[in-house]
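Chain naming here is simple, since letters A, B, ... match the order of the sequence lines and numbering starts at 1 in each.
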Amino acid sequence: MTAPQTCAPRRYWLMKNEPDTESIDHALAAPDATLAWSGVRNYQARNFMRDRMQVGDGVLYWHSGCALPGIYGLACIASAARVDPTQFDPASPYFDPRATPDKPRWLLVDVKALRKTRPVDMATLRADPQLSRMQVLQKGNRLSITEVTPEEWQHLCGTLLQDAP
DNA sequence: GCCAACGTTGGC
DNA sequence: GCCAACGTTGGC
């Protein structure tokens, strides 16, 4: 017999962003250190936001498309999923002509940056046997949002993401 | 800039 | 509903 799920367990996420314009530094400098995570155009990632994310979930803030992709900060989910307005904006690179306000296709969440970490790149992650199953390390992974297990999160926080000695 | 992997599209 | 072609992602 399990306890009633009045309070669902916290989950953990890895969220990729381009550091040119939306680095952990940009996020920390934003009002309330919070960014609207717009531009997700993949159904699986959208469904994570819609179905599984909850306010307070932990986030590994990942920089991608840069010299050294990896974890650069810690953040948390700061809002429920809501309609991503960039899908309706013809001037936006994320414009989706098939989306209408009546039938929106894409969602976003607010992400609140908490702090920078030391950079932890993919080679470092791969060198840790306890992290070998992280989705971001799997061949062919292209998802910009992946779920991190509580074990991976705890392990990371206890080792690689601790402040330098 | 390359290219493997994967998602999406659209003809049938 | 199949599946080939195409586009995109993102590490390298």
Q. How would you list all residue pairs meeting salt bridge (Lys or Arg N to Asp or Glu O under 4.0 Å) that involve residues 68-88 of chain A, not counting sequence neighbours?
A. A:Arg41-A:Asp84, A:Arg82-A:Asp110
Q | Distance flag, aromatic centroids of A:Trp106 and A:Tyr43, threshold under 6.0 Å | A | yes
Q.
On DNA chain C, does the nearest nucleotide to A:Pro69 precede the nearest nucleotide to A:Arg142 from the 5' side, or the other way round? Give the residue.
A. A:Arg142
Q: Compute the ring centroids of A:Phe48 and A:Trp13, then answer whether they are less than 6.0 Å apart.
A: yes
(Q) Quick check for you: name the first and last nucleotides of DNA chain B, 5' to 3', having an atom under 4.0 Å from a heavy atom of chain A. (A) B:dA4 to B:dT9
Q) Would A:Tyr61 and A:Trp37 count as a close aromatic pair, with their ring centres under 6.0 Å? A) yes
Q) Around atom CZ of A:Arg115, are there more than 12 heavy atoms of other residues, nucleotides or ligands at under 6.0 Å? A) yes
